[in-house]
Amino acid sequence: MSRSTFAIAGFILVAALLGIALVTTAPVHAETETVYQVSTIDALLAGVYEGSHTIAEVRQHGDLGLGTLDALDGEMIVLDGVVYQVKDNGSVVVVPDTMTTPFVAVTWFEADITREIARPVNLTGLQAQLDATFPSHNLFYAIRIDGFFSSVTARSVPAQEKPYPPLVEVVRNQSVFEYTDMQGTIVGFWSPEFVEGINVPGYHFHVISDDRTKGGHLLGCEIEHGVVEIDTTPNFLLNLPLEGDFPALDLGGEHGDEVAQVER
Ligand SMILES: [Zn+2]
């Protein structure tokens with residue numbers, strides 16, 4: 001080997017060692033620009049309500065999102081890294097890390113688009129404005145709306161006992177809350193049409209008041225003024241239950257009608 005060959009070999013060796021060192025000392029980042037989801041909407045429709053993942057685990061994957069709790073015990077809202085439960089009696093509590101969820105979607109929220117709502121608009125109008133703002137209808141969007149609401153219609157669902165009934169039956173007994181003059185935050189997602197079966201195509205919103213005493217799955221609202229933040233999200237990470245009712249469940253068929261019934 002000539003001296004120059006030695007030099008090149010030495011350089012490659014050092015580079016290789018440096019490369020390894022860089023990889024092993026790099027900080028561990030949680031996934032960004034990713035919707036992280038536990039289970040599927042069709043499994044939830046079919047009555048898979050047993051919690052499969054802990055809140056502690058969910059909080060490692062995002063700081064904003066929505067879902068439900070073990071046994072379908074109310075509506076879950078994740079905001080600024082805190083996980084809240086709106087029970088069917090309307091009370092709101094912070095969920096401990098040890099509790100479990102059968103269905104949740106969260107993301108590390110970082111706004112890509114910010115818009116002001118300067119004029120009063122209802123939920124339908126708000127959705128039309130958002131539709132016009134999305135740069136594509138083939139991506140996921142996490143959405144956060146902080147504002148003042150002259151009215152909010154929200155719902156929650158009662159905890160279920162085994163054998164679990166399908167979700168369409170449960171929502172017949174949902175509690176509907178009407179709030180007026182509420183300062184609060186809407187959190188949720190817009191998902192593309194092709195997500196059908198896995199999540200809810202279109203909008204899915206939950207809401208919580210600033211004083212953390214009111215909230216639920218959003219059915220309607222009139223927002224006076226506020227700020228909309230949109231996080232364009234191209235990645236999707238699905239975490240499916242390995243135990244419980246999920247593995248043996250027959251998930252064939254199409255359930256778009258049922259989704260419409262339980263969400264709207
Ligand atoms: Zn919901």
Side-chain angles (χ1 to χ4, degrees), residues 35-49 51-53 55 58 62 64-79 82-93 95 99-107 109 123-124 126-127 130 140-145 149 152-160 164-179 182 184-191 195-209 212 214-221 255-264:
V35 175
Y36 167 87
Q37 184 182 314
V38 166
S39 193
T40 69
I41 191 69
D42 277 8
L44 197 71
L45 286 169
V48 182
Y49 304 149
S52 56
H53 294 70
I55 298 307
V58 172
L64 178 141
L66 51 75
T68 185
L69 280 307
D70 180 47
L72 200 73
D73 191 3
E75 307 285 348
M76 189 211 289
I77 295 140
V78 186
L79 181 59
V82 182
V83 180
Y84 301 94
Q85 173 189 21
V86 180
K87 298 185 182 184
D88 82 310
N89 65 7
S91 65
V92 183
V93 295
V95 182
M99 270 181 79
T100 58
T101 173
F103 181 84
V104 68
V106 292
T107 191
F109 190 79
L123 185 57
T124 309
L126 182 68
Q127 291 176 349
L130 288 166
F140 292 84
Y141 299 99
I143 300 158
R144 172 179 181 151
I145 304 162
F149 302 85
V152 171
T153 307
R155 73 103 195 268
S156 187
V157 284
Q160 300 298 302
Y164 291 136
L167 195 52
V168 282
E169 279 180 33
V170 175
V171 295
R172 285 184 201 130
N173 300 313
Q174 68 186 5
S175 306
V176 177
F177 315 116
E178 304 279 355
Y179 304 120
M182 185 183 114
T185 305
I186 292 174
V187 302
F189 296 94
W190 184 92
S191 301
V195 83
E196 190 169 346
I198 294 171
N199 200 317
V200 180
Y203 295 97
H204 186 185
F205 288 132
H206 288 189
V207 65
I208 191 163
S209 63
R212 307 296 190 245
K214 309 172 191 81
H217 171 103
L218 188 70
L219 296 174
C221 70
H255 305 279
D257 292 350
E258 287 171 58
V259 172
Q261 273 184 59
V262 301
E263 301 297 335
R264 275 130 214 168

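As the structure lists them, so they are numbered: ligands from 1, and atoms in each ligand from 1. Computed from a predicted structure; not experimentally measured. When a residue number appears, it is its place in the shown sequence, counting from 1.
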In [X], what N, O or S atom is nearest to the Zn ion (ligand 1), if we give its atom name?
X      : answer
His217 : ND1
His206 : NE2
His204 : NE2

Parallel, tilted or perpendicular for His217 and His204, by the 30°/60° rule? tilted
Any donor-acceptor pair under 3.5 Å linking the side chain of Ser191 with the backbone of Pro201? no
Side chain to side chain donor-acceptor pair (under 3.5 Å) involving Glu196 - partner list, sequence neighbours excluded: none
Among Leu69, Thr68, Val86, the one residue meeting side-chain contact (heavy atoms from CB on, under 4.5 Å) with Met76: Leu69
